[in-house]
Amino acid sequence: AVVSTQSTGEIKFVIENFGEALTVLFEKLLGLAEQHAADVAALKVVFNSLVTISKVFYSLNYQDLPEFFEDNMARWFPRFLPLLKLENKLLLTAFNQLVFATKKPLDPFGAS
């Protein structure tokens, strides 16, 4: 696949200015999910945010694995597996609705 130089530059700019903040937010939200495991209202907010962050993450890594995420793999990738394995009965219906409501990833450039 041909990677656009313009979009690569735009992705690099976004990651340089937003990558660390996105990563910290991801980590903090995972902590909040554990902290509020029995509070369905809080979990809906947390997991709605985690779904959005995951879409942003996917969009930023779609063309290639940027250096920032390569350097921070240990902060991201091991945390996705527990999310995929999560079985919280309180969230099952709400989470499935969130995940399956949108069939395409968030486009950071506004084309979606």
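Note that the structure is predicted; figures quoted are calculated from it, not measured.
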Visitor: Supply the atom-to-atom distance Phe57 CZ to Ile15 CD1, rounded to the nearest 0.5 angstrom.
Guide: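 Answer for the CZ-CD1 pair, Phe57 versus Ile15, is 9.0 Å.
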Visitor: Locate the shortest heavy-atom distance separating Ser7 from Gln63; write the atom from each residue and the value.
Guide: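 Closest pair (atom of Ser7, atom of Gln63, distance): OG-NE2, 3.2 Å.
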Visitor: Kindly compute the distance separating CD (Glu27) from CG (Asn72), expressed to the nearest 0.5 Å.
Guide: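 With rounding to 0.5 Å, CD (Glu27) is 8.0 Å from CG (Asn72).
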Visitor: Quick check: is Leu22 connected to Leu65 through a chain of hydrophobic side chains (ILVMFWY, heavy atoms under 4.5 Å apart)?
Guide: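 Yes.
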Visitor: Taking the side chain from Asp39 and the backbone from Ala41, do they hold a donor-acceptor pair closer than 3.5 Å?
Guide: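 Pair found, side chain donor or acceptor close to backbone of Ala41.
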Visitor: Between NZ of Lys12 and CZ of Phe68, what distance do you get to the nearest 0.5 Å?
Guide: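 Reported to 0.5 Å precision, the distance equals 14.0 Å.
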Visitor: In Å, rounded to the nearest 0.5 Å, how long is the span from CG of Asp71 to CD of Glu67?
Guide: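 If we round to the nearest 0.5 Å, Asp71:CG and Glu67:CD are 5.0 Å apart.
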Visitor: So, for Leu60 and Ile11, which heavy atoms are closest and what is the spacing to 0.1 Å?
Guide: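 Minimum heavy-atom separation between Leu60 and Ile11: O-CG2, 3.7 Å.
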Visitor: Find the distance between CG (Leu50) and CG (Leu30) and round it off to the nearest 0.5 Å.
Guide: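 Between Leu50 CG and Leu30 CG, I get 5.5 Å after rounding to 0.5 Å.
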Visitor: Without swapping roles, check the side chain of Asn17 against the backbone of Phe13 for a donor-acceptor pair under 3.5 Å.
Guide: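 Checked: pair present.
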Visitor: Hey, could you give me the NE2/CG distance between His36 and Leu29, rounded to the nearest 0.5 Å?
Guide: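 CG of Leu29 is found 10.5 Å from NE2 of His36.
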Visitor: Of the non-hydrogen atoms in Val46 and Ala33, which two are nearest, and what is the gap between them?
Guide: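 Closest approach of Val46 to Ala33, heavy atoms only: CG1-CB, 3.9 Å.
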Visitor: Quick one: closest heavy-atom pair of Arg75 and Val24, and the distance?
Guide: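 The answer is NH2-CG2, 3.7 Å.
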Visitor: Do Leu81 and Val51 belong together in a cluster built from hydrophobic side chains that touch within less than 4.5 Å?
Guide: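 In one cluster: no.
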Visitor: Ring-plane angle category for Phe80 and Phe26, please: parallel below 30°, perpendicular beyond 60°, tilted otherwise.
Guide: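 Aromatic pair Phe80/Phe26 classed tilted.
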